[in-house]
Each structure stands twice: as structure tokens, then as C-alpha cells.
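Sequence lines set the chain letters: A, B, ... in the order given, protein chains first and strands last, and positions in each chain run from 1.
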There are 2 protein chains.
Amino acid sequence: MISKLKKLGLKATPQRLAILKLLDGNKLHPSAEDIYKRLKPDFPSLSLATVYNTLEALAKAGELQEVRITAGKRHFDPDPSPHAHFYCRICNSIYDWRINPADIGIASRVKDYLVENYVLNLYGVCPGCLKETEGGKTINDKTLFEKE
Amino acid sequence: MISKLKKLGLKATPQRLAILKLLDGNKLHPSAEDIYKRLKPDFPSLSLATVYNTLEALAKAGELQEVRITAGKRHFDPDPSPHAHFYCRICNSIYDWRINPADIGIASRVKDYLVENYVLNLYGVCPGCLKETEGGKTINDKTLFEKE
DNA sequence: TTTTAAATTATAATTATTCTAAACAAATAA
DNA sequence: TTATTTGTTTAGAATAATTATAATTTAAAA
């Protein structure tokens, strides 16, 4: 982890190591403030600005990606590889969705545009919340793309 | 246009009609402030809050869609039908991209998730800016999904 | 060590958006 | 038509997330 920071030309400070450790393998897509609140007890001097600085440095280095799937708040995903995200409107959780870029019918439509990146956000209800609200009833494909 | 508002149970005020007229057929995806600045000369009493109120009312009624494709600002699209958006990092323009939901390989992966909506944002360089920066050189498909 | 360049911190500033409460206007009732 | 009600607009204050600032501290190089 220290060497990972060094490789990026970043100093291995305790704060950065703590942030990296918290993010490592984390599937919860925390916001900057989530991270701050979680670490503050162990690092009483920690500043929210440091959390933002570190996240921005890591994002710029391609070590993580920002997820903008909710209204006014960014979330952070330690997995920088391109994949989609699903937001459950009941429990407000964000889930990773592995979708191969090739599965999205973009390429054939590119024409004269240079597509360097894409973001695919999905919205709906996750399996756990579906079970609670509908007793586990199966949803058929026809409803899948209808707006709420 | 008046009847459109009436149908939604909204009063046909001059401000709302002006906003509707400005948006009608507009492909520029303006922000709330773009709209405000554009209409202010003709409606000196216009308030930014009214622009936001009207946009929110229209969005809730399904008459337009919000586009969240840039960092901290929302844009508005008078076309409420599901389609993707392309953001050019050179000229900062937003373009509509007609992509059929069925062309996105989501359905087959849904499993136990209920997908009610999706957002597909594309980032890169638009044809006009490509011409200026690269002399019109054609980009081959292999580069299409590489991050910058 | 000593140095120096980078990082952290507290706080102020910024930006987009939302809230508030008063003034106003449109539709309805008398 | 006038009065009343209800919804709308307005200016400005408030908010929330994020970014900038400037002084202090720290990691790593010399």
C-alpha cells in the first residue's frame, strides 16, 4: 500500500494509508463524508479537506473512480475498471454491475465521435428490498425499462 | 402550450410559457442559469427560483428530463424520452444520442433487480472538435473504450 | 540531522440549489 | 363584477457539498 502511493509520487502519510485501507475491497461506495466520519475517531486531527485531496489524487491517478449516481453527492469506488452502478431507491445502496462495454451498443453508433469514457447508471429496486415490498414476486422483462 | 400546462394542473403564467418556449425543440441542454440569463432581459422580474420551480414541475410531470453529465451542474432536456447524452470535453457541448434501451445489454443481466430507469452518459470529443484538433483523422474502433 | 517540498489542517469561500415568507396573480365563488 | 381562495413569483437567506487559502506540520531527500 505504501509502495502503491510511492509509485504514484504521493507521500505515504498515515491519513492516506487509512483512506486506502478503508477503501480496499470496499463495495459500499462511500462518500467523502462517510470516509471522514468513519476515520475521525482514529484520526482526531483528520480534516475533510484531506479526504477530498486524497480521493482526488487517487482518482486522477486512476486508482479509483468517482460515482455520480445520486443528486448532489459523489461516491467513490476503489475499483477503477469500467463497470455500471445500480442505485436502489429504497435502501439507497449502490451496487456494482459488471457490464462489458462491448455489451452496450455504443460502438456501432459512434460515427464521428471519439468516445473516451462512459457512465452507465441504473435505478430501481434491489433484490433485498424487492423481497420486502413484494414478497419476492418475480418481475417480468416487460416492465424493466418503464419509468416509474 | 397553454393547454399543455393546464393538462398538468399548472397555471399558465408568462414565466412558465417563456421557459417552455425557450426549451421547445432546444438541443442545447441548458442549465437553469442559462435559461435564467437568456430570459432575464425580456422578463426583468424573473427569479432564478421560478426557473428551478418550473423545471422541477415539468420534470416531475415527465415533460422534460434532467441531465447530470457534468460535475456540479444539472442540465435540462425538453425531450423526456430515454436516450443517452454525449459530453464533449473540448467545447463542453452536450449532444443527444439515440440509443434504444434494448441495445444496451442490461436486460439479460437483471436477475433479481428491478430496473426502472437508466442513465447512459458518454464522454469524449465531438466531430467538430476532432476535426480541429486532429485534422479530421479517423479514429479506429480499438481506441473507443480506452480511458483518456 | 537539516532541509525542502509536499501534505495537513482549520477555516473561509464558492457554487448550485432549495427554502422562506411576503407580495402577487389567476381562477373560482358569491 | 367583486371577493376569496389557491397557486405562483419574488428577493433574499439558508443549505450542502466541495474547493480554495494560508499557516503549520510532516515525510523523505540530502
Could you go through residues 68-80 of chain A and list every donor-acceptor pair under 3.5 Å that involves a side-chain atom there, pairing it with any protein atom two or more places apart or in another chain?
{"from": "A:T70", "atom 1": "OG1", "to": "A:K73", "atom 2": "O", "distance (Å)": "3.3"}
{"from": "A:R74", "atom 1": "NH1", "to": "A:E66", "atom 2": "OE1", "distance (Å)": "3.1"}
{"from": "A:R74", "atom 1": "NH1", "to": "A:E66", "atom 2": "OE2", "distance (Å)": "2.9"}
{"from": "A:H75", "atom 1": "ND1", "to": "A:H29", "atom 2": "O", "distance (Å)": "2.8"}
{"from": "A:D77", "atom 1": "OD1", "to": "A:D79", "atom 2": "N", "distance (Å)": "2.8"}
{"from": "A:D77", "atom 1": "OD2", "to": "A:H29", "atom 2": "NE2", "distance (Å)": "3.1"}
{"from": "A:D77", "atom 1": "OD2", "to": "A:H83", "atom 2": "NE2", "distance (Å)": "2.8"}
{"from": "A:D77", "atom 1": "OD2", "to": "A:H85", "atom 2": "NE2", "distance (Å)": "2.8"}
{"from": "A:D79", "atom 1": "OD1", "to": "A:S81", "atom 2": "N", "distance (Å)": "2.8"}
{"from": "A:D79", "atom 1": "OD1", "to": "A:S81", "atom 2": "OG", "distance (Å)": "2.7"}
{"from": "A:D79", "atom 1": "OD2", "to": "A:S81", "atom 2": "OG", "distance (Å)": "3.3"}
{"from": "A:D79", "atom 1": "OD2", "to": "A:R98", "atom 2": "NH2", "distance (Å)": "2.5"}

If I take atom [atom1] in residue [X] and atom [atom2] in nucleotide [N], what distance separates them, rounded to the nearest angstrom?
X     : N      : atom1 : atom2 : result
A:L8  : C:dA7  : CG    : P     : 11 Å
A:F43 : C:dT8  : CZ    : C1'   : 13 Å
A:K11 : D:dT25 : NZ    : P     : 15 Å
B:L46 : D:dG12 : CG    : P     : 15 Å
B:L39 : D:dT10 : CG    : C1'   : 16 Å
A:L10 : D:dA29 : CG    : C1'   : 17 Å
A:K37 : D:dA16 : NZ    : C1'   : 12 Å
B:I19 : D:dT8  : CD1   : P     : 13 Å

Summarise how protein sits on nucleotides 16-21 of chain C as a single string, 5' to 3': B when a protein heavy atom is under 4.0 Å from the base, S for sugar-phosphate-only contact, - for no contact. SBBB--
Is any side-chain nitrogen or oxygen of [X] closer than 4.0 Å to OP1 or OP2 of [N]?
X     : N      : answer
A:Q15 : D:dT26 : no
A:S47 : C:dT11 : no
A:T13 : D:dA27 : no
A:R16 : D:dA27 : no

A:S45 near the nucleic acid: base, sugar-phosphate alone, or nothing, with a heavy-atom cut-off under 4.0 Å? sugar-phosphate
Base, sugar-phosphate, or nothing: which does A:P14 touch, judged by heavy atoms less than 4.0 Å apart? sugar-phosphate
When you measure from the side chain of [X] to the backbone N and O of [Y], does any donor-acceptor pair fall under 3.5 Å?
X     : Y     : answer
B:K40 : B:L46 : yes
A:D34 : A:S31 : yes
B:R16 : B:T54 : no

Neighbour count above 12 (heavy atom, 6.0 Å) for A:K37 NZ: no
Using 30° and 60° as the class boundaries, would you call the ring planes of B:F86 and B:W97 parallel, tilted or perpendicular? parallel
A:I19 side chain reached by A:V51 side chain, heavy atoms, under 4.5 Å: yes
